[in-house]
Structures are given as C-alpha cells and as structure tokens.
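One is the number of the first residue; the rest follow in order along the sequence. Heavy atoms only: backbone and side chains are in, while hydrogens, waters and symmetry mates are out.
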Amino acid sequence: MVDNRYATALVIACVLSLLATVYLSVAVGTQHWYQYSSPTVRGEANVSELRSLYEEFMAGGEFDEKTYSDTLFRLNGTVGLWWRCVLVPAAANWYREPDAKMEVECRNFTLPEQFTPKYKEPGNHNSGEDMLRTYLWRCQFLLPLVSLGLVVLAGLTGFFACLCRSLTPALCIGVLHLLAGLCTLATVCCYLAGMDLLHRVSMLPDKVDGSLGWSLYLALISSPLHMMAAALLVWAARSHSQNYYRMTAYRVA
C-alpha cells in the first residue's frame, strides 16, 4: 500500500520527467542552439561570393569546418547538434533590392561528420588536431543520447515496478533521472565551451553577431526538471522504506 504523499510525489515526478524528455528531444532535433545575425544580402559587390558560399554549403562534398562556419557567419546561420541552416533569398531574388523573399536551407551533420577531428586552424589540416574542441564536439553529440537512453531505461524500470506493485525501484529510477539531468547539463556546457573556442580561432566578420538560440534553452530547462523528478523519486523511495521498516518493527514488537 502506498501513502497518498508518495503517490502524489510519483505522479509529479512522472510529469516532470515527461516534460524534460520532450524538451530535450525537441532541442536535440532542432538547429537553434546558436544563431548568427548577418547583414542583409542585397545588391552588394560580394553577392556572387555569398551565393558561391551557399552553393558549396548545399552541395555537400568534403566536410570542412571552415567552409560551413564561414557560410553560417555570413548568411544568418543557425547551428545545432545535428543540423546547420542558413537564411538566404529565394533563387531568383539574390540580386534584387529590398524585401526579397527569404527561405531557410538546412543540411544535417552525418554520423561520420560528427566524429571528424577539429583542427587548431579550421580548414588547415596541417595545423594539428585540436583535441579539446574535438572531444567537446563528440561529447555534445553523445551525451544527450545517453541522457535519453537513461530516461528510457528509467521508464522501463518504472513500468515493471508498477506491474510488481513495488515502490522499491523508485530509488534506482531517481538515480537514473539524476544522471540524465547531469548528462544534459554537461551537453550544454560542452556546446557553449566548443562555440567559445571556435570563435577564438575563427573570428566573426564585421557586423556579424552571435547569440544563443531557444533550442539550447530547452535543453538547459530539461536538466533541472530531470533533477527535480529524481529528488522526488528518491524522497518517496527512502521515506516509504523507512516507514515500512518502522511499521514492521512495531508489529513485531
């Protein structure tokens, strides 16, 4: 038999966990972790260069950090864990003056690209591998997957605990949620550190500003939600266990 207090804590923990998982899933699948604000593309002399950057960006070819970074800097780019996008005029409007129709074009980071080494000088493969940036990038890709995997494992554990009508596994589920929250927080930290290091080795062009996007804030919000769910689950499990042992001792006495 579960006390109403513990049942309420479990329900709130489940709601918090669901919200955190949805937020993290949306954050992982969208590209608005970091966004650049660039001057409007109009009839400037360098419009041919910008269009060339865009065409190379969309063509794919050999993966090069400097090439896609320069395109993001100059074409109002947004970048996430799996996607990079640019905001460009429609094909027929590159040379038109004001009010050109704008559209978003995206490319995904493939799995091999996620594990491509970063170099001390982006684009210069002879400059040596930048181990710190390389592993920060790989961690920001792997950690949210680990976080989601831990939540799935916690959900399966909770499902079987319900079938067995036992509150004992709630402690284990709480620990899994705590680890998931820490992994999500580490993802955000790795991403911010990686972007800061990138901007140190690749200076932003004039009149180009960078800012954090809403996808990163969603991931940041999901971390404390997982931790709050963990705290409720651990409290319910430990309090229920203590009351159970006290009641058992009382009956024996």
Side-chain angles (χ1 to χ4, degrees), residues 2-3 5-34 78-84 106 108-116 134-194 212-241:
V2 179
D3 190 289
R5 293 175 299 165
Y6 309 143
T8 301
L10 292 176
V11 170
I12 295 174
C14 289
V15 172
L16 292 174
S17 174
L18 180 60
L19 284 174
T21 304
V22 170
Y23 288 168
L24 180 58
S25 300
V26 172
V28 170
T30 51
Q31 75 276 11
H32 298 280
W33 283 64
Y34 203 89
T78 57
V79 60
L81 303 183
W82 283 95
W83 294 94
R84 56 192 189 272
C106 297
N108 68 303
F109 291 106
T110 64
L111 192 58
E113 290 172 354
Q114 295 282 16
F115 291 94
T116 301
T134 297
Y135 283 99
L136 283 173
W137 182 277
R138 292 175 183 177
C139 286
Q140 77 184 31
F141 155 67
L142 292 172
L143 285 173
L145 301 182
V146 172
S147 180
L148 291 172
L150 289 170
V151 174
V152 171
L153 179 60
L156 291 174
T157 305
F159 174 74
F160 289 114
C162 290
L163 292 181
C164 297
R165 298 183 179 181
S166 172
L167 193 61
T168 304
L171 180 60
C172 175
I173 298 171
V175 172
L176 291 174
H177 276 83
L178 177 61
L179 293 176
L182 292 174
C183 285
T184 303
L185 183 60
T187 299
V188 174
C189 293
C190 288
Y191 189 88
L192 292 175
L212 304 180
W214 58 264
S215 298
L216 184 140
Y217 288 115
L218 275 185
L220 193 59
I221 292 171
S222 74
S223 177
L225 290 178
H226 272 135
M227 293 181 183
M228 286 189 287
L232 286 171
L233 289 164
V234 171
W235 172 82
R238 289 186 61 83
S239 298
H240 180 265
S241 177

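- Scored by the disulfide (SG to SG under 2.5 Å) test, C106 finds C85 as partners (sequence neighbours excluded).
- Scanning all heavy atoms of the two residues, the minimum distance from V79 to Y191 falls at O-OH, 3.0 Å.
- Residue M228 comes nearest to L16 through the heavy atom pair CB-CD1, 3.9 Å, listed as atom of the first residue, atom of the second, then distance.
- Among residues two or more places apart in sequence or in another chain, the side-chain hydrogen bond (donor to acceptor under 3.5 Å, both in side chains) test is passed with H177 by S17.
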Hey, can you pull the donor-acceptor pairs under 3.5 Å for the side chains in residues 148-161, sequence neighbours left out?
residue: T157; atom: OG1; partner: L153; partner atom: O; Å: 2.8

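- By the ring-ring contact (aromatic ring centres under 6.0 Å, His included) test, Y34 is found to be paired with Y36, H199, residues two or more places apart in sequence or in another chain being considered.
- Annotation: side chain of W33 is not in contact with side chain of L212 (no heavy-atom distance under 4.5 Å).
- Considering every non-hydrogen atom in both G174 and A230, the closest pair reads O-CB, 3.0 Å.
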For residues 134-146, dump all side-chain donor-acceptor pairs below 3.5 Å to protein atoms at least two apart in sequence or in another chain.
residue: T134; atom: OG1; partner: K118; partner atom: N; Å: 2.9
residue: T134; atom: OG1; partner: E129; partner atom: OE2; Å: 3.4
residue: T134; atom: OG1; partner: D130; partner atom: O; Å: 2.9
residue: W137; atom: NE1; partner: Q114; partner atom: O; Å: 3.4
residue: W137; atom: NE1; partner: Q114; partner atom: OE1; Å: 2.9
residue: R138; atom: NH2; partner: F115; partner atom: O; Å: 2.7

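- Scanning for side-chain hydrogen bond (donor to acceptor under 3.5 Å, both in side chains) contacts around T78 gives an empty result, with sequence neighbours left out.
- Applying the side-chain contact (heavy atoms from CB on, under 4.5 Å) criterion to S223, with sequence neighbours excluded, gives T184, L185, M227.
- Under a 3.5 Å cut-off, the side chain of W83 and the backbone N or O of V28 do not form any donor-acceptor pair.
- Heavy atoms only, all atoms of each residue included: S222 and Y23 are closest at CB-CB, 4.0 Å.
- Here the closest non-hydrogen pair linking A20 and L225 is CB-CB, 3.6 Å.
- Contact between W235 and A9 at its shortest, heavy atoms only, is CZ3-CB, 3.8 Å.
- Rounding to the nearest 0.5 Å places CG of L233 at 11.0 Å from CG of L178.
- Atom CH2 of W82 sits about 10.5 Å away from atom CD of E113, to the nearest 0.5 Å.
- Interatomic distance, CG of L232 versus CD1 of I173, reported as 13.0 Å (0.5 Å rounding).
- The NE2 atom of H226 sits 5.5 Å away from atom OG of S147, with the distance rounded to the nearest 0.5 Å.
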Tabulate below the donor-acceptor pairs under 3.5 Å that side-chain atoms of residues 213-220 make, not counting sequence neighbours, or state none.
residue: S215; atom: OG; partner: T30; partner atom: OG1; Å: 2.6
residue: S215; atom: OG; partner: H32; partner atom: N; Å: 3.3

